[in-house]
Amino acid sequence: DQHLYAKADDLLAQALKANPRHPGVYHALAVLRMAEGQREKALVAIDGAVAIEPENPDWAMNRGQVLYALRQYEDAAGAFRRAVTLRPSYVGAWGQLGHAQTKLQGWDGCIEAWSRVLALGPPSAIAWTTTPLAIAFSSGRSQRPSWSSPSEKTTTVRPASGSRGSKAST
C-alpha cells in the first residue's frame with residue numbers, strides 16, 4: 001500500500017506542478033491523505049479545492065467529511081450546511097449534517113437535516129431512527145418537523161428489493 005500511495009503522491013505532485021489551479025487535483029490529494037490517515041494534510045488539500053472553486057458543493061461536502069474525521073463537529077456542520085446551501089437537494093450532505101448535529105446535540109438542526117433526508121432521498125434507516133430521537137431530546141419543542149407529506153398519517157417504508165414494505169406512523 002505504501003508503494004501505491006507514494007506513486008499516487010508523485011503523480012499528484014506532477015499534476016499540481018502542471019496545473020496548480022485545478023481543484024480536482026487538490027481533491028484527489030485530500031482523498032489520498034485521508035486514505036493514509038493524514039487528516040490535517042487532507043484538510044489543507046481540500047481547502048485548496050475550496051479556494052479555487054468556493055461555489056462547488058462537493059468540495060464543501062468533502063471538507064465537512066475531513067473536519068468530521070478530525071472531530072471538529074461545529075466546523076464540519078458549517079461545511080455541510082454550505083454544501084446544502086449550494087445544492088439544496090444534496091441528500092448526502094443533509095445526512096452528514098444530521099450526523100454532525102447529532103454529535104453537537106443540536107437537535108433542531110438534527111431534525112431539520114434528517115427530515116430533509118427523508119423528504120429527498122430513498123428511505124434511510126438512520127434518518128427514520130435519528131429524527132424521532134432528536135425530537136425526543138429537544139426540550140420545549142412544541143411542533144413536529146415538516147415531512148414531505150404532512151397530511152399523511154402513515155408512510156410506506158420500502159426496504160431492500162424483494163422485501164415487503166411496512167407502515168410507519170408519522
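- Proximity of Leu43 to Leu70: side-chain heavy atoms (C-beta onward) are separated by under 4.5 Å at one or more points.
- The existence of a salt bridge linking Arg63 and Asp58 is excluded, since no basic side-chain nitrogen approaches an acidic carboxylate oxygen closer than 4.0 Å.
- Residues Gln65 and Leu67 fail the side-chain proximity criterion, which asks for heavy atoms closer than 4.5 Å.
- A side-chain donor-acceptor contact under 3.5 Å links Tyr26 to the backbone of Pro20.
- Cluster membership for Ile52 and Leu12, using ILVMFWY side-chain heavy atoms within less than 4.5 angstrom, is shared.
- For Gln14, there are no side-chain hydrogen bond (donor to acceptor under 3.5 Å, both in side chains) partners two or more places apart in sequence or in a different chain.
- Counting all heavy atoms, side chain and backbone alike, Pro57 lies closest to Arg87 at CG-NH2, 3.3 Å.
- Around the CZ atom of Arg39, the shell of radius 6.0 Å holds no more than 12 heavy atoms that belong to other residues, nucleotides or ligands.
- Linking Ile, Leu, Val, Met, Phe, Trp and Tyr whenever their side-chain heavy atoms come within less than 4.5 Å puts Leu120 and Tyr90 in one cluster.
- Using a cutoff of 4.0 Å between basic side-chain nitrogens and carboxylate oxygens, Glu53 and Arg21 are not scored as salt-bridged.
- Proximity of Thr102 to Trp114: side-chain heavy atoms (C-beta onward) are separated by under 4.5 Å at one or more points.
- When the side chains of ILVMFWY residues are joined at heavy-atom separations under 4.5 Å, either directly or via intervening members, Leu97 and Val91 end up in a single hydrophobic cluster.
- Among all heavy-atom pairs drawn from Ala79 and Ala60, the shortest one is CB-O, 3.5 Å.
- Applying the side-chain hydrogen bond (donor to acceptor under 3.5 Å, both in side chains) criterion to Arg116, with sequence neighbours excluded, gives no partner residue.
- The pair Arg81-Glu112 counts as a salt bridge, with a side-chain nitrogen and a carboxylate oxygen less than 4.0 angstrom apart.
- Looking at heavy atoms from C-beta onward, Gln101 lies out of side-chain contact with Gln96 at the 4.5 angstrom threshold.
- Closest of all the heavy-atom pairs between Val117 and Gly95 is CG2-N, 3.4 Å.
- Between Phe80 and Met61, the shortest heavy-atom contact is CE2-O, 3.4 Å.
- Residues Leu32 and Leu11 do not share a hydrophobic cluster, defined by chaining ILVMFWY side chains whose heavy atoms lie under 4.5 Å apart.
- Linking Ile, Leu, Val, Met, Phe, Trp and Tyr whenever their side-chain heavy atoms come within less than 4.5 Å leaves Val66 and Leu29 in two separate clusters.
- Between Gly64 and Ala76, the closest heavy-atom pair is O-CB, 3.5 Å.
- Side-chain contact between Val25 and Asn19 is absent, with no heavy atoms from C-beta onward closer than 4.5 Å.
- Using a distance-only test at 3.5 Å, with no hydrogens or angles considered, a donor-acceptor pair links the side chain of Trp94 to the main chain of Pro88.
- Of the listed residues (Lys7, Gln2, His3), just one forms a side chain to side chain contact (heavy atoms under 4.5 Å, CB included) with Tyr5, and that residue is Gln2.
- Looking at heavy atoms from C-beta onward, His99 lies out of side-chain contact with Tyr73 at the 4.5 angstrom threshold.
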